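Small disclaimer: the values here were computed from a predicted structure and weren't measured. The residues of the chain are indexed from 1 along the displayed sequence.
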Amino acid sequence: MAAVAESPAAAAAAEDREPQREAVPGLESQRRQIENGENGRGPPLRAGESWFLVERHWYKQWEVHVQGGGQDPSTFPGCINNAELFEDQVNWRLKKGLVEGEDYVLLPAAAWHYLVSWYGLEHGQPPIERKVVELSSIQKVEVYPVELLLIQHSDMDTAHTAQFNRTDSIGFQEDLECGPSPSTDLVLRTAQEQFLVSPQEETRLWIKNAEGSFERLCNTRVTVLDAALQTGQVVIMETRNKDGTWPSAQLPAMSSASEEDEDFQGQPGICGLTNLGNTCFMNSALQCLSNVPQLTNYFLKNRYLEELNFCNPLGMKGEIAEAYADLVKQAWSGHHRSIVPHVFKTKVGHFASQFLGYQQHDSQELLSFLLDGLHEDLNRVKKKEYVELCDAAGRPDQEVAREAWQNHRRRNDSVIVDTFHGLFKSTVVCPDCGNVSVTFDPFCYLSVPLPVTHKRVMEVFFVSMDPRRKPEQHRLVVPKRGKISDLCVALAKHTGVSPERMMVADVFSHRFYKIYQLEESLSSILDRDDIFIYEVSGRAAIGENSREDVVLPIYLRERTPARDYNNSYYGLMLFGHPLLVSVPRDRLSWDALYHILLYRLSRYVTRPSSDDEDDGDEKDLEDKDNLPKPGHVAGGSSQDPGPEQAGPSSGVAGGSRAPVDNSPGPSHWPQRARRKHLFTLQTVNSNGTSDRSTFNEDTHAQPYIAIDWEPEMKKRYYDEVEAEGYVKHDCVGYVLKKAPVRLQECIELFTTTETLEKENPWYCPNCKQHQLATKKLDLWMLPETLIIHLKRFSYTKFSREKLDTLVEFPIRDLDFSKFVIKPQNESAPELYKYDLIAVSNHYGGLRDGHYTTFACNKDSGQWHYFDDNSVSPVTENQIESKAAYVLFYQRQDVARRLQPQPSLSDPPASPACGTPANFEFMDIN
């Protein structure tokens, strides 16, 4: 029981409560009533009962008096005097270290009142009443209760002392299954009474630790003992502000109203969320959930406080629910244009490590985690019982469904279940024995597939053997699960070049990332890859000794002065597009290769005049004559080969992580070209970053050649603008038309029978083995608020892509009557019709993008567009777009129940009013 430390006022009040003096019974009768009677010292202790302390000397004097029969007047004890038990007679605090039997005796309430009525209590002294508590299954009188210092957050300098038993609860009183039932005195209620705070106002408590830090008392349904509160500890009570924030959260760096006027008053719910760094996915999910009327009302009316579940091992100790409640209260206070969800982001990362940091995530995945976390934090079932799942076994569907739903509610009962949970019917059929298994399973949202096309559009650059032709950009339609050869065949239809004379490569950062083989899958090429297809000689290929031509990968490099003390070191930097060049085997010499490359670069490299040529460096010529000549490589003519001789191939390539490295190379490549003209040639590694001065004898090593330019020569003869030029083929304007699909088609696809994959077989109890059974899902019971997740992100072993198909979804009257197989109530069609209330949008591709939200305000009926901290009104015709990702629908009977009836003069609460937002930065349609 909470009690302020004893005072004279308390003593006077105690005297007023004392019973009137009654006729004093005989001494023997007194002894029997006090020591042996039914209300005497004999009865066992019971939790919650009151016992009183009596000073031992007075009690012994009374015993002597009654035992002597009152013969000796000097033994009369007089009024009960407990002065020796108090430290002082002002605050009436008990002395420390008092011992039962030596300093005091304990009397039950009845015995105490008898003695007071017979002998009286010393004037001004308060009775010393203490409660019986149960600690560790032992009943005992708590002589020294916990003495706490209560402080209000708004006045940290004034403390009020109050005493509490260790079994007193901290906050709201209810029948708990998490621990011992607390007594009726509450720390929070005492603080509210002390500081004149209405019980209707939302408050919370903090404790000050020994090191001076403050810690929230989150679970207020525990006892003082469970909360580990000690005598002298400071307890601070704070009251939520009108704008939904807490005073303790008003830090300068984290203030969510830093940009707002204190007197700002806007429409509740029209509040943005600051992007903390790639947290638009979280903001979008929160805005959708915040605009579910029944869930938001549940938090605004503080009903969640009575249902916070701190004992659920599957929950998050109520922290996710409290953090979400804080956001809702701030967003719907009408005092903020935008708020900073930093605390919520921290809580989410603490309980779900996948959301730690500031990487981009999926709004649907965050939504799934949040719904599950809120459910477990608010689960009314404190102790989940074991429930065995039962198959239909031929029983009627209604019976099996009712049993499944009841079993689900026995373990899961929360506002989330009330609002979002529905019931599937799952039918699995064994392909061998025909065994049919029927189960009913709960769901929180529908993940519906989109119809998938089997075609794919790819953009490539074609590089002709004719160096006078610029690379051509092509847009090709190929099978999604096709091969590289399919890409070449599609390009051949546009160019007339045989697929056998094509090589496909991927270029990244001026070097080959990969050179593809014809049998490789197209799924290894991503949409963002720069793919180039080179025309090569029909006789040429990489890695085939039987071919007459060799394909050489060529890199372009420029010498650049490195930062050195004496500027003596020169670095080499890659630039431009690498080339794949076909070279006849009988022309593999540096001089011949120089002229072949000069021809291949002739479109954007100016040939020097005779005056500009190196005029006969005899040493170079002597060196040229001394070139090592491998047995299978003949020296080449210094004359310019024609296109039909050299079979030049040039272009821009997109290549491999490690270019194909299985073709034979010359066994003795020279270290460098001996005659310097416009550029020099050098053998390099596959990255083009280091020279290979001597080619090892490994016949499988693929040679890479670098064209090294001096800065002055490059500036004089190399035309960078022309080198980067390309033309667009007519097919670039082609767009693979994707017909829009209706949302109802996606739901039909969801309920279509499918065959299980090898990775997920079904165990047939009849066959006693796993089977690739057929499975069909049907909708049995739909929730009040239906969440529909459009599966735009497709991940298979063949491909990964985002489907940007336009899904046409109704704003009103989405009818599920033909999808629900449970016998329907034809007199209540609104039980199967839904209206849209929110949409989570995703713009962009697989690895990047941006999330926004369309939502209908529950109070005004106006649609708004939420883009992080920006909020603007929109009209209905702007809501449907290719970006729609997660749809929130509310059942019409629930909407009518929650919507206040408008007056005749008011316009209908339709979400079709309002002005459109400015969407200059994106095409939402």
Side-chain angles (χ1 to χ4, degrees), residues 288-289 291-295 297 371 396-406 408-409 415-427 438-450 741-753 776-791 807-839 854-856 858 861 863 876 879-880 884 886-899 901 908-912:
C288 288
L289 213 55
N291 283 277
V292 176
Q294 58 269 51
L295 183 64
N297 290 337
L371 288 173
D397 282 352
Q398 286 184 286
E399 177 185 340
V400 182
R402 182 169 55 253
E403 178 186 84
W405 185 248
Q406 289 174 351
H408 178 60
R409 294 301 295 257
V415 65
I416 301 300
V417 176
D418 299 340
T419 307
F420 298 103
H421 282 206
L423 203 61
F424 282 140
K425 178 188 177 182
S426 174
T427 305
V438 176
T439 58
F440 289 82
D441 305 302
F443 68 89
C444 190
Y445 52 84
L446 298 182
S447 289
V448 298
L450 274 62
V741 300
R742 296 169 59 246
L743 179 60
Q744 290 85 342
E745 295 177 48
C746 300
I747 299 172
E748 288 176 357
L749 196 59
F750 174 79
T751 58
T752 301
T753 301
K776 187 178 189 304
L777 291 177
D778 290 295
L779 300 177
W780 180 265
M781 183 178 68
L782 296 180
E784 293 183 354
T785 300
L786 179 62
I787 303 175
I788 301 178
H789 166 224
L790 304 178
K791 297 173 70 173
V807 178
E808 298 175 340
F809 50 88
I811 305 297
R812 300 184 187 86
D813 296 327
L814 174 59
D815 192 354
F816 275 90
S817 58
K818 72 174 185 177
F819 297 110
V820 176
I821 64 171
K822 179 182 178 181
Q824 300 180 16
N825 182 1
E826 297 182 358
S827 62
E830 68 274 7
L831 295 177
Y832 310 100
K833 289 187 177 181
Y834 285 77
D835 294 335
L836 188 71
I837 57 173
V839 181
F854 289 113
C856 179
K858 69 180 183 67
W863 281 91
E876 280 187 351
I879 297 171
E880 186 180 279
V886 183
L887 311 175
F888 283 68
Y889 278 94
Q890 186 174 58
R891 208 168 62 203
Q892 288 185 350
D893 67 309
V894 177
R896 293 191 180 97
R897 186 181 74 227
L898 297 175
Q899 191 74 25
Q901 295 298 324
S910 167

Open item on the list: Once side chain to side chain donor-acceptor pair (under 3.5 Å) is applied, do any residues pair with Tyr445, and if so which ones, sequence neighbours excluded?
Closed with: Gln364, Ser368

Open item on the list: Minimum heavy-atom separation for Trp405 and Gly422, please, with both atom names.
Closed with: CZ3-O, 3.9 Å

Task: Closest heavy-atom pair and its distance - Phe443, Pro783 - done: CZ-CD, 4.1 Å

Open item on the list: Can you confirm whether Leu743 sits close enough to Tyr889 that some side-chain heavy atom of one is under 4.5 Å from a side-chain heavy atom of the other?
Closed with: yes

Task: Tyr834: ring-ring contact (aromatic ring centres under 6.0 Å, His included) partners, not counting sequence neighbours - done: Phe816

TODO: Say whether, by atom type as modelled, one donor and one acceptor occur between the side chain of Gln824 and the main chain of Ser817 under 3.5 angstrom.
DONE: yes

- [ ] List in chain and number order the residues that pass salt bridge (Lys or Arg N to Asp or Glu O under 4.0 Å) with Glu830, two or more places apart in sequence or in another chain; answer none if no residue qualifies.
- [x] none

TODO: Using salt bridge (Lys or Arg N to Asp or Glu O under 4.0 Å) as the criterion, list what pairs up with Asp778, not counting sequence neighbours.
DONE: Lys776

- [ ] Taking ring-ring contact (aromatic ring centres under 6.0 Å, His included) as the test, write out the residues that go with Phe750, two or more places apart.
- [x] Phe424

TODO: Apply salt bridge (Lys or Arg N to Asp or Glu O under 4.0 Å) to Asp893 and list each qualifying residue two or more places apart in sequence or on a separate chain.
DONE: Arg891

Open item on the list: So which atom in Pro449 and which in Cys746 form the shortest heavy-atom distance, rounded to 0.1 Å?
Closed with: O-CB, 3.4 Å

TODO: Return the set of residues passing side-chain contact (heavy atoms from CB on, under 4.5 Å) with Ala404 (not counting sequence neighbours), or none when no residue passes.
DONE: Phe440

Open item on the list: For a 4.5 angstrom cut-off between non-hydrogen side-chain atoms, does Asp835 reach Gln890?
Closed with: no

TODO: Without swapping roles, check the side chain of Glu880 against the backbone of Phe809 for a donor-acceptor pair under 3.5 Å.
DONE: yes

Open item on the list: Run the side chain to side chain donor-acceptor pair (under 3.5 Å) test against Thr751 and tell me which residues pass, sequence neighbours left out.
Closed with: none

Open item on the list: Please find the pair of heavy atoms, one from Asn291 and one from Ile837, that lie closest to each other, and give the distance.
Closed with: O-CD1, 3.8 Å

Open item on the list: Once side-chain hydrogen bond (donor to acceptor under 3.5 Å, both in side chains) is applied, what residue pairs with a partner in residues 416-426 remain, sequence neighbours excluded?
Closed with: Arg380-Asp418, Asp397-Lys425, His408-His421, Arg409-Asp418

Task: Contacts of Lys822 that satisfy side chain to side chain donor-acceptor pair (under 3.5 Å) - sequence neighbours left out - done: none

TODO: Using a 4.5 Å cut-off on heavy atoms from C-beta on, say whether the side chain of Leu446 contacts that of Leu786.
DONE: yes

Task: Expected output: side-chain Glu745 to main-chain Arg742 donor-acceptor under 3.5 Å - done: yes

- [ ] Output all residues satisfying salt bridge (Lys or Arg N to Asp or Glu O under 4.0 Å) with Glu808, sequence neighbours left out; order by chain, then residue number.
- [x] none

Task: For Glu748, all residues meeting side chain to side chain donor-acceptor pair (under 3.5 Å), sequence neighbours excluded - done: Lys818

TODO: Please tell me if the side chains of Leu814 and Ile788 come closer than 4.5 Å, counting only heavy atoms from C-beta onward.
DONE: yes

Task: Check: Leu779 and Tyr832 side chains under 4.5 Å, non-hydrogen atoms - done: no

Open item on the list: Is the shortest side-chain heavy-atom distance between Val448 and Leu790 below 4.5 Å?
Closed with: yes

Task: Taking every non-hydrogen atom, the tightest pair across Leu836 and Phe888 - done: CD1-O, 3.4 Å

